[in-house]
**Student:** 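Below are the structure tokens for one structure; questions will follow.
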There are 2 protein chains.
Amino acid sequence: MTGDPEEATDVTVEATAETDIRARILDASAEAFMRAGYAGTTIDDLAREVGATKGLIYYHFRSKFDVFLAVYAEGMARVRARVEPWSRADGRGAERLAAMARAHLANLMEDLAYHHAIHQGVAGTVSAALRPRQRQDLQELSSLRADYEDMFRAVLQEGLDDGSVRPVDPRLATRTLLCSLNAVDTWFRPQADQPEADVEALAAALVDLVVGGLLPATAPPSPVRPG
Amino acid sequence: MTGDPEEATDVTVEATAETDIRARILDASAEAFMRAGYAGTTIDDLAREVGATKGLIYYHFRSKFDVFLAVYAEGMARVRARVEPWSRADGRGAERLAAMARAHLANLMEDLAYHHAIHQGVAGTVSAALRPRQRQDLQELSSLRADYEDMFRAVLQEGLDDGSVRPVDPRLATRTLLCSLNAVDTWFRPQADQPEADVEALAAALVDLVVGGLLPATAPPSPVRPG
DNA sequence: GTCTATAGTGGGATAGAC
DNA sequence: GTCTATCCCACTATAGAC
């Protein structure tokens with residue numbers, strides 16, 4: 001289970017100038033938010049990163065917070081698109097879970113800035129003083145996030161059912177699994193001279209660690225202790 | 001291994017009015033930072049939480065950032081004091097690691113607000129525009145944090161040596177372990193009517209999950225269990 | 001020690017030129 | 001569509017009364 005479980009139908013999306021500039025703003029914003037955090041980033045920072053001025057940002061987005069929401073949504077859409085096919089692949093629960101974790105990590109390392117933004121959003125650091133509409137938008141995104149987690153939990157549950165996952169609490173295990181994967185964005189920073197193989201090895205090791213910890217173990221609890 | 005590995009010598013600290021008010025400010029600040037984040041919290045918020053005004057805060061601390069640093073330092077000191085004794089207890093590596101994880105979680109749930117603040121500090125969300133001196137202070141605290149992680153890694157390494165931990169990369173495993181534990185502060189909120197036993201059960205389940213995943217597995221993928 | 005008043009400024013948001 | 005100019009508020013930090 002290493003290739004792609006399904007070919008993406010190559011729909012040629014009409015890349016209008018509008019979608020193009022929006023995309024560039026989102027990329028730049030994600031990058032800026034990662035560097036200085038949401039609160040520590042000014043609209044001027046975003047504009048400078050795009051190579052434009054404030055006015056441009058406000059032409060395309062109503063507020064700084066709306067930019068954040070769009071970054072969040074885009075990041076979630078990307079990771080989901082990459083992971084979801086694996087949840088419907090062949091194989092036992094644990095194997096599919098490992099494949100999903102690999103895909104999640106691959107996307108995380110690729111779209112590191114977007115994940116960092118999502119992380120902040122979930123942490124709630126952002127929600128200082130929000131208008132009702134914005135609060136509701138954030139709520140909707142949170143439910144996207146919850147759906148994403150549900151997808152993992154469902155597969156983990158299948159692993160419990162088919163015996164490929166040792167008996168654990170599915171909610172807690174899923175949460176912990178995702179947190180372990182996501183924590184990578186706090187310490188992983190791509191190095192210019194780092195060979196692709198190293199990054200893949202890191203991802204493989206982490207998947208092995210976290211999913212491997214869920215495999216059934218018959219080892220005795222070993223209360224030997226010569227205390 | 002459930003009791004306390006060593007009695008704390010009951011040094012009677014002279015609680016001057018000074019240390020008292022400082023402590024109250026720190027508690028209130030940690031609480032406020034958890035609610036709205038560092039950037040989203042104003043000095044007025046802190047003051048209101050203490051039941052005083054801005055002037056008081058600035059009498060005891062040079063700046064808002066200094067308050068944050070003090071919260072960070074206090075939180076680290078508390079969790080370290082609670083966990084460190086277990087690292088020197090009797091038993092094999094895996095058992096001590098589990099005891100440390102339990103102690104860490106117990107403190108986390110107790111001093112939730114402090115942990116939340118530390119979490120933000122590590123994430124770097126705070127370091128928007130710092131003066132050189134403040135940047136250095138934050139650096140020092142980061143090294144406290146690194147030392148704390150080293151303590152866990154050393155015990156995990158002993159577990160590798162004595163065979164109580166399955167072969168994993170110690171750096172990666174330690175990081176992941178701590179991240180899994182710390183992630184609790186993103187979703188755990190104490191409920192007023194929640195019995196103490198529930199919280200303990202939660203902690204036990206999590207420790208079992210994350211440390212259990214590090215135990216040696218001699219099992220074949222064990223496809224037992226009736227579908 | 002704690003409070004009130006206020007100085008100073010950074011930055012989100014808008015209006016209007018081009 | 002993109003930029004310039006500017007408004008204005010919130011918030012840090014300080015000065016000085018009590």
Side-chain angles (χ1 to χ4, degrees), chain A residues 14-29 32-33 35-71 117 120 125-135 137-138, chain B residues 14-29 32-33 35-71 117 120 125-135 137-138:
Chain A
E14 184 130 1
T16 62
E18 165 63 21
T19 64
D20 183 53
I21 184 62
R22 257 187 77 100
R24 278 178 47 220
I25 292 176
L26 291 188
D27 280 353
S29 301
F33 290 156
R35 253 206 306 281
Y38 174 79
T41 303
T42 70
I43 303 274
D44 284 318
D45 291 338
L46 301 186
R48 195 174 332 111
E49 186 107 6
V50 186
T53 62
K54 255 205 269 236
L56 182 70
I57 310 292
Y58 278 106
Y59 178 76
H60 292 278
F61 295 91
R62 275 194 216 152
S63 68
K64 178 181 168 184
F65 187 71
D66 271 27
V67 176
F68 174 81
L69 291 176
V71 168
Q120 285 185 47
T125 310
V126 173
S127 61
L130 298 181
R131 301 172 125 75
R133 201 201 106 247
Q134 296 177 328
R135 194 171 286 278
D137 287 352
L138 189 58
Chain B
E14 183 129 1
T16 63
E18 165 63 22
T19 63
D20 183 53
I21 183 63
R22 257 186 76 99
R24 277 179 49 222
I25 293 177
L26 291 188
D27 280 354
S29 301
F33 290 155
R35 253 206 307 280
Y38 173 79
T41 303
T42 72
I43 302 274
D44 283 318
D45 290 337
L46 302 186
R48 196 175 330 113
E49 185 106 7
V50 186
T53 61
K54 256 201 268 237
L56 182 70
I57 310 291
Y58 278 106
Y59 179 76
H60 291 278
F61 295 90
R62 277 196 212 147
S63 68
K64 176 182 168 183
F65 188 70
D66 272 26
V67 176
F68 173 80
L69 290 176
V71 168
Q120 285 185 47
T125 311
V126 172
S127 60
L130 298 181
R131 299 172 127 75
R133 201 201 105 249
Q134 296 178 327
R135 194 169 286 278
D137 287 351
L138 189 59

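Chain letters run A, B, ... following the sequence lines, proteins first, then strands; residues in each count from 1. Computed from a predicted structure; not experimentally measured.
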**Student:** Going by side chain to side chain contact (heavy atoms under 4.5 Å, CB included), name the residues that satisfy it together with A:Thr53, two or more places apart in sequence or in a different chain.
**Tutor:** none
**Student:** Measure from CG on B:Leu56 to C1' on C:dT4 and round the result to the nearest Å.
**Tutor:** 14 Å
**Student:** Here's a test for you: under side chain to side chain contact (heavy atoms under 4.5 Å, CB included), which of B:Thr41, B:Leu26, B:Ile25 qualifies with B:Leu46?
**Tutor:**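 Exactly one candidate clears the test, B:Thr41.
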**Student:** Indicate yes or no: does A:Arg48 engage A:Asp45 in a salt bridge with an N to O separation below 4.0 Å.
**Tutor:** yes
**Student:** Is the phosphate of C:dG1, meaning OP1 or OP2, less than 4.0 Å from a side-chain N or O of B:Tyr59?
**Tutor:** yes
**Student:** Mind calculating the distance between CD1 (A:Ile57) and C1' (D:dT4) to the nearest angstrom?
**Tutor:**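 So the two atoms are 15 Å apart, to the nearest Å.
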**Student:** Between B:Tyr38 and B:Phe65, how do the two ring planes meet: parallel, tilted or perpendicular, split at 30° and 60°?
**Tutor:** perpendicular
**Student:** What's the CZ-P distance between A:Arg22 and D:dT2, to the nearest Å?
**Tutor:**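 My rounded result for the distance is 13 Å.
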**Student:** Roughly, in whole Å, what's the span from CZ in B:Arg48 to C1' in D:dC11?
**Tutor:** 12 Å
**Student:** Between P on C:dT2 and CG on B:Leu46, what's the gap in Å once rounded to a whole number?
**Tutor:** 15 Å
**Student:** Hey, could you give me the CZ/CD distance between A:Arg24 and A:Glu49, rounded to the nearest 0.5 Å?
**Tutor:**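 That separation rounds to 11.0 Å.
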**Student:** With B:Ala52, which residues qualify under side chain to side chain contact (heavy atoms under 4.5 Å, CB included), at least two apart?
**Tutor:**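 For B:Ala52 the side chain to side chain contact (heavy atoms under 4.5 Å, CB included) partners, ignoring immediate neighbours, are B:Leu56.
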**Student:** When every nucleotide of nucleotides 7-18 of chain C is labelled 5' to 3' by its protein contacts under 4.0 Å (heavy atoms), B for base, S for sugar-phosphate only, - for none, what sequence of letters results?
**Tutor:** ----SBBB----
**Student:** What is the distance from CG of A:Asp20 to P of D:dG1, rounded to the nearest Å?
**Tutor:** 13 Å
